[in-house]
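Contents: one structure, followed by commentary.
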Amino acid sequence: MSDIDEIKKRMEKRKGGRNKKVLTDYHFSKFYNLMIKCMVLLLVIVSVFSYMKVSDNGEYIKNHIFSNVYFNQMINWINTQFYEFFPTETSTTVSSKVSYKHIKDNLYTNSSNEVVNFSKGRVIYTGNQKLLGNYVTILLENNIEVTFGHLSDVFVKKFDLVEKSTIIGTCEDNVLIIFTQGEKEIDYATFQKLL
């Protein structure tokens, strides 16, 4: 094999290595336009915040922009523009009156098979135990823990914030409910007085 053939082979190998994607003018212009749009948006945001800080009307504008009504409208608009980029909170609620009928011991029933939360709180435990079956424990705002057991389906997960009347799961016939204040178990009548 001659030196010329060897040089030709090396040149073909180098040409084969050039199949990598290169930044073309088209790609560069797309990237450049995106960066310009981002910088303009950033400039507008900085200008608005600077105006709010310096101007006499700044406090009014700040309250107007960041009030819950306008802030929620802005988030909804962003959701529609960017294909629901931000998750929205959805909770299934029923009527505001939550009541259970005591059957015996810690077993209760209501008019349906839906297990409904009593008051606003946070889910602190979920799981499955031999005695409780599928269960959910919610720490209510008044520092009372309510454990719902014998659930066939669970619709919440640990650390979820649940509102009053949120459906947390379903049950077959009746649900096991245990009310605890501190280390002490309390009955349903006492719990209703504390609500």
Side-chain angles (χ1 to χ4, degrees), residues 45 49 52 59-195:
I45 292 171
F49 282 122
M52 285 189 317
E59 196 63 35
Y60 169 75
I61 293 171
K62 185 162 89 174
N63 292 337
H64 186 71
I65 290 175
F66 293 109
S67 70
N68 279 341
V69 174
Y70 293 107
F71 190 72
N72 287 336
Q73 286 177 352
M74 183 178 68
I75 291 297
N76 288 336
W77 180 81
I78 290 172
N79 279 341
T80 57
Q81 298 301 317
F82 295 102
Y83 306 108
E84 308 215 348
F85 182 71
F86 298 109
T88 55
E89 289 185 20
T90 57
S91 64
T92 310
T93 58
V94 294
S95 67
S96 61
K97 179 103 170 105
V98 178
S99 65
Y100 287 89
K101 182 180 175 191
H102 185 255
I103 299 173
K104 65 175 184 171
D105 298 331
N106 289 329
L107 294 177
Y108 296 85
T109 186
N110 60 7
S111 57
S112 71
N113 69 337
E114 296 174 338
V115 179
V116 181
N117 187 30
F118 289 101
S119 179
K120 186 175 182 180
R122 184 168 301 275
V123 178
I124 55 173
Y125 301 111
T126 61
N128 189 312
Q129 285 185 353
K130 190 174 185 179
L131 179 65
L132 297 173
N134 290 327
Y135 73 95
V136 172
T137 302
I138 298 174
L139 178 63
L140 303 179
E141 286 185 328
N142 57 2
N143 289 327
I144 295 178
E145 289 182 16
V146 181
T147 302
F148 298 93
H150 296 175
L151 302 175
S152 47
D153 292 313
V154 176
F155 301 143
V156 293
K157 57 186 180 303
K158 193 172 180 181
F159 304 122
D160 279 355
L161 188 63
V162 288
E163 298 292 328
K164 179 179 180 178
S165 302
T166 301
I167 301 170
I168 60 167
T170 59
C171 63
E172 295 283 328
D173 298 320
N174 47 49
V175 62
L176 177 83
I177 305 177
I178 302 170
F179 305 97
T180 311
Q181 187 177 30
E183 297 292 319
K184 189 175 107 179
E185 188 176 324
I186 59 175
D187 63 349
Y188 186 46
T190 308
F191 169 74
Q192 286 183 319
K193 289 176 188 173
L194 295 172
L195 272 179

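Shown here for I124 and K158, the closest heavy-atom pair between the two residues is O-CE, 3.2 Å.
Note that OG1 of T166 is 6.0 Å distant from CG of N117, once rounded to the nearest 0.5 Å. Rounded to the nearest 0.5 Å, atoms CZ (F118) and NZ (K164) are 10.5 Å apart. Note that the CD1 atom of I168 and the CG atom of D160 stand 11.0 Å from one another [nearest 0.5 Å]. Of the inter-residue distances, the one linking F148 atom CZ with T126 atom OG1 reads 14.0 Å to the nearest 0.5 angstrom. Here T109 contributes atom OG1 and K101 contributes atom NZ; the two are 8.0 Å apart, rounded to the nearest 0.5 Å. The CG atom of L107 sits 7.5 Å away from atom NE2 of H102, with the distance rounded to the nearest 0.5 Å.
Between I178 and L132, the closest side-chain pair of non-hydrogen atoms falls below 4.5 Å. Two residues are said to be in side-chain contact when any heavy atoms from C-beta on lie closer than 4.5 Å; V115 and V154 fail this criterion. In this structure, V146 and I177 have side chains that are in contact, with non-hydrogen atoms separated by less than 4.5 Å.
Listed by first then second residue, pairs satisfying side-chain hydrogen bond (donor to acceptor under 3.5 Å, both in side chains) with a partner in residues 136-148 read T137-T147, not counting sequence neighbours.
In this structure, the side chain of N110 engages the main chain of S112 through a donor-acceptor pair within 3.5 Å. At least one donor-acceptor pair closer than 3.5 Å links the side chain of Y188 to the backbone N or O of Y100.
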For a quick test of your reading: what N or O donor-acceptor pairs under 3.5 Å do the side chains of residues 180-187 make, sequence neighbours left out?
unit_1 : atom_1 : unit_2 : atom_2 : d
E185   : OE2    : N106   : ND2    : 3.4
D187   : OD1    : T190   : N      : 3.1
D187   : OD1    : T190   : OG1    : 2.3

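Listed by chain and number, the residues in a side chain to side chain contact (heavy atoms under 4.5 Å, CB included) with T170 are N113, S152, D153, F155 (sequence neighbours excluded).
The local environment of CD in E172 is sparse, with at most 12 non-hydrogen atoms from other residues, nucleotides or ligands closer than 6.0 Å.
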